[in-house]
Amino acid sequence: MMRSDPAEVAGRHLAAGRVTEAKAIFENLLRAEPTHVRALCGLGTIALRGGEVSRALELIGHAVAIAPTDGMTVGNLGVVYLAQNKLIEAEDCFRRALDLEPSQPELHANFASTLLARGDRETALKAQRRAVDLASDSAAQRFNLGNVLVAVGRSAEGAEAYESALEIEPNHVGALNNLSILHKKAGRLDAAQALLDEAQLHDPMNPELMANHADILLQRGHCDQALEIMRRAAGQAPGNPALQLSLGTMLMELGRLTEAGQELANATRKAPESPDIALALGRLLRRQNQLDAAQAAADRAVNLSVKPGAAGVLATELLLMRGRYEAAWDKLDALASLSPLPIAEPDLSASVDLSGMEIRLIAIDAATSVFATRFVPALAARGAVLTVICPPVLARLFTSIPGVDRAVPSPDLHLAELGEDGVPTLLLDALPRRLRVTPDHPATTLPSFAIELGAVETAQDPSLRRIGLWWEGPGPRSGLLEALAGVPGVQIVSLQTSPLRDGARELLTGLGIADRGEAITDFLDLATALQEVDVLVTPDGPVAHLAGSLGVETWVLVDCNGSWYWPNGSQPSPWYPNSRAFRQSVDGTWTAALEALRAALAAAPAAPDAAPTPSGDPA
């Protein structure tokens, strides 16, 4: 009877997750033969899974020194470099390994992961498809293909790849879990939970499954239970910085910022080169209003990332919040160069003559587009002929922008199609960056729109101060309605449009709040209605920008991750002088902001057109 190779037995134990058994066999082999390459690699893999990256590098590096022409051993070293985010070194290892053993699907798969991390999506996908071709009956490689497809934004194809892996291996825990995550992201929580339950039947103590379960519970509002399970998941793999990152992120979302900071600090010590951890730390510090420290963390995340993405956006927003506009626009230029748009962008340099030049301005995001409208007249003043293409809900309003020749409503905007005719085209979002604007340059005058108003609807009692209310956005929603009800000396007028208004109609009636939203069909109707109020109360979002651009006194509820338009503290925005910010507490509660808002309303002066109160005795 042939004896099994102990290294193969240990490898099977390791593949099945029986780390203790695998480690014991590998250690015995190494004691008997200190240069046993497979034992060194096996123990290095175990060290890497436990978060001991330096130990893994030592063991596997020693194995490569012993067997430099063994492709799989060289590939193992690449895996360690990949875990350290040393992508150039990892890619070099995998290229060498594939030169030595081009038919190994695992090497192609790891090469794909490295290319993906370096931002080379197309080559990564080709490498993973090659791994599938070499192992067409491998559930693991189809699972890996699903991961790459999801990472490049092709989630539907990724789901198909996971399902094909499950056809080969119905109990493939990774495919079940990742398919569950796709359902969770799409809001299909029941389907996500069903797949996760199936995965946990086969591997109940898997920490990644536990983390997914915790996230689903959090989405369902079971915060305490979610946090308990996420803590358990991180405890199951104390050396795994990704799980500590997940725990820190959840604590941050729950407003437990001190604990979140501790977890993120621990994760940073274990994976100091992780851009995701640096990004999370930057977000935490921003929320704590430690803007300089947040900037340092965000810049570090950018430097660690091949493609900055979210890290670059955070770093730019922090520069804007700190008033460092020129540096912010430079950083945005760098980000834009990484993903150039399929349009012919015009040169807006001051030395360029724009006389008679047709320029299309494209509005996509309502908030940033409304903000940018104040800078459009500066282009018209240089002779440009301006057309705005925008969603229909903005078209009538944008026709009133001074200097705009016409506004074209378009429900579906396809930049690639617009770029085919070569007409100079620019996103409205990009206009502040391209003009290098500051609060004082170019000189702008509010309102940003030339609107012809009809008769103004008067309040029932002219002595009441008219308070317009919009509650959709990152704010307390119905809590805002309840907080404002019954404030003396004011009349609350809801401007909210359906369907949100329809769901709260009974609440509006019960709280004595007038409903004006039924007559509002687009942003021009809303702009007209805003002329009828003395103050608008709204969360940060498009309506706040619209009211501010009209010069209406605007009181903005700003969440703890508030955008750069609204500075910290109670001072007005430099972009909207008639504004005032009421900030969410760093722990995520709105109580203090709503109390301050209610007190400010109660202390506000009477309506401007109110008659003076008679004094003395009547004649």
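Numbers for residues simply follow the sequence, beginning at 1.
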Could you tell me whether the side chain of Thr268 and the main chain of Leu264 form a donor-acceptor pair under 3.5 Å?
yes
Taken to the nearest 0.5 Å, the spacing of Ile277 CD1 from Glu263 CD works out to 11.0 Å
Would you say the side chain of Asn177 lies within less than 4.5 Å of the side chain of Leu195, judging by non-hydrogen atoms?
no
Could you walk me through whether Arg18 and Glu21 pass the salt bridge (Lys or Arg N to Asp or Glu O under 4.0 Å) check?
CA-CA 6 Å; Arg18 297 185 291 271; Glu21 293 89 335; 5.0 Å; no
Electrostatic pair Glu228-Arg231, nearest N-O below 4.0 angstrom:
no
Within the distance-only criterion (no hydrogens, no angle test), does the side chain of Gln200 pair as donor or acceptor with the backbone N or O of Pro204 below 3.5 angstrom?
no
Could you check if a side-chain atom of Leu196 sits within less than 4.5 angstrom of a side-chain atom of Leu176, using non-hydrogen atoms only?
no
Between Met252 and Leu257, which heavy-atom pair has the shortest distance, and what is it?
O-CD2, 3.8 Å
Non-hydrogen atoms of Leu243 and Pro207 that approach each other most closely
CD1-CB, 3.5 Å
Test item: Ser246 side-chain N/O and Ala242 main-chain N/O as donor-acceptor pair under 3.5 Å:
yes
Can you tell me if Thr589 and Asp587 form a side-chain donor-acceptor pair at under 3.5 Å?
yes
Looking at every heavy atom in both Ala233 and Ala211, which two are closest together, and how far apart are they?
CB-N, 3.9 Å
Using 0.5 Å steps for rounding, measure from the CZ atom of Arg433 to the CG atom of Leu320.
12.0 Å
For Asn206 and Val173: C-alpha separation, side-chain torsions, deciding distance, then whether side-chain contact (heavy atoms from CB on, under 4.5 Å) applies.
CA-CA 9 Å; Asn206 185 314; Val173 169; 4.1 Å; yes
Could you walk me through whether Glu122 and Lys126 pass the salt bridge (Lys or Arg N to Asp or Glu O under 4.0 Å) test, one step at a time?
CA-CA 6 Å; Glu122 290 305 314; Lys126 288 178 182 177; over 6 Å; no
Do Asn171 and Asp203 come within less than 4.5 Å of each other through their side chains, counting heavy atoms only?
no
When rounded to the nearest 0.5 angstrom, what is the spacing between CD in Glu52 and CG in Leu59?
9.0 Å
Derivation and outcome, side chain to side chain donor-acceptor pair (under 3.5 Å), residues Gln244 and Lys270
CA-CA 10 Å; Gln244 279 197 298; Lys270 290 170 183 171; 3.0 Å; yes
Does the side chain of Thr114 reach to within under 4.5 Å of the side chain of Asp120, using non-hydrogen atoms?
no
Classify the side-chain pair His202/Glu198 by whether it contains a donor and acceptor separated by less than 3.5 Å.
yes
Please name the pair of heavy atoms, one in Leu82 and one in Ala90, separated by the smallest distance, quoted to 0.1 Å.
N-CB, 3.8 Å
With a 3.5 Å cut-off and no angle check, do the side chains of Asp190 and Gln193 form a donor-acceptor pair?
no
Would you check, one step at a time, whether the test side-chain contact (heavy atoms from CB on, under 4.5 Å) holds for Thr316 with Leu335?
CA-CA 10 Å; Thr316 303; Leu335 288 174; 3.9 Å; yes
By the definition side-chain hydrogen bond (donor to acceptor under 3.5 Å, both in side chains), identify the one residue from Asp70, Thr69, Asn76 that meets it with Thr73.
Asp70
So that I can tick it off, tell me whether Glu89 and Lys86 are bridged by a salt bridge, with the cut-off set at under 4.0 angstrom between side-chain N and carboxylate O.
no
Examine the side chains of Arg300 and Asn303 and answer whether a donor and an acceptor come within less than 3.5 Å of each other.
no
Before accepting this row, confirm whether a basic side-chain N of the pair Arg96/Asp92 lies closer than 4.0 Å to the acidic partner's carboxylate O.
yes
Would you call the rings of His172 and Phe143 parallel, tilted or perpendicular, where under 30° means parallel and over 60° means perpendicular?
tilted
Below 4.5 Å, heavy atoms only, C-beta onward: do Arg286 and Gln295 meet side chain to side chain?
no
Ile229 pairs by side chain to side chain contact (heavy atoms under 4.5 Å, CB included) with which of Asp215, Leu217, Ile216, Asn212?
Leu217
Between Glu101 and Gly71, is there a donor-acceptor pair closer than 3.5 Å when you use the side chain of the first and the backbone of the second?
yes
Atom pair CZ (Arg55) and CG (Leu48), whose distance is rounded to the nearest 0.5 Å
13.0 Å
How about Glu8 and Arg38: do any of their side-chain heavy atoms sit closer than 4.5 Å?
yes
Would you mind reporting whether Leu115 and Phe111 have side-chain heavy atoms less than 4.5 Å apart?
yes
For atom CZ of Arg324, decide whether the heavy atoms of other residues, nucleotides or ligands shown that lie under 6.0 angstrom number more than 12.
no
Counting only N and O atoms by type, is there a donor-acceptor contact under 3.5 Å from the side chain of Gln236 to the main-chain atoms of Met205?
yes
Between atom CG of Asp540 and atom CG of Asn561, what is the distance when rounded to the nearest 0.5 Å?
11.0 Å
Neighbour count >12 (heavy atoms, 6.0 Å) for atom CD, Glu208:
no
Would you check, one step at a time, whether the test salt bridge (Lys or Arg N to Asp or Glu O under 4.0 Å) holds for Asp292 with Arg322?
CA-CA 8 Å; Asp292 291 344; Arg322 298 165 66 222; 3.1 Å; yes
Using modelled atom types only, decide if a donor and an acceptor are shared between the side chain of Arg121 and the backbone of Gly153 within a distance under 3.5 Å.
no
Checking the side chain of His414 only, and the main-chain atoms of Glu417 only, is there a donor and an acceptor separated by less than 3.5 Å?
no
Are the side chain of Asn85 and the backbone N or O of Leu304 linked by a donor-acceptor pair below 3.5 Å?
yes
Do Ser155 side-chain atoms and Gly158 backbone N/O form a donor-acceptor pair below 3.5 Å?
no
Is any side-chain heavy atom of Ser138 less than 4.5 Å from a side-chain heavy atom of Ile168?
no
Which pair of heavy atoms, one from Ala311 and one from Ala301, lies closest together, and at what distance?
CB-CB, 3.7 Å
For the residue pair Tyr162 and Asn147, confirm or rule out a side-chain donor-acceptor distance under 3.5 Å.
yes
Heavy-atom count check: over 12 atoms from other residues, nucleotides or ligands less than 6.0 Å from Glu253 CD?
no
Under a 4.0 Å N-O cut-off, is there an ion pair linking Arg142 with Glu167?
no
If every non-hydrogen atom of Phe26 is compared with every non-hydrogen atom of Gly42, which pair is closest and at what distance?
CE1-CA, 3.6 Å
Intermediate values then yes/no, side chain to side chain donor-acceptor pair (under 3.5 Å), Asn110 and Ser113
CA-CA 5 Å; Asn110 287 328; Ser113 297; 5.0 Å; no
Could you grab the distance from atom CD of Glu420 to atom CG of Leu415, nearest 0.5 Å is fine?
11.5 Å
Cys560 backbone acceptor or donor facing Gln584 side chain under 3.5 Å
yes
Might you work through the salt bridge (Lys or Arg N to Asp or Glu O under 4.0 Å) test for Glu472 and Arg477, ending with a clear yes or no?
CA-CA 6 Å; Glu472 183 177 21; Arg477 295 291 183 101; 5.2 Å; no
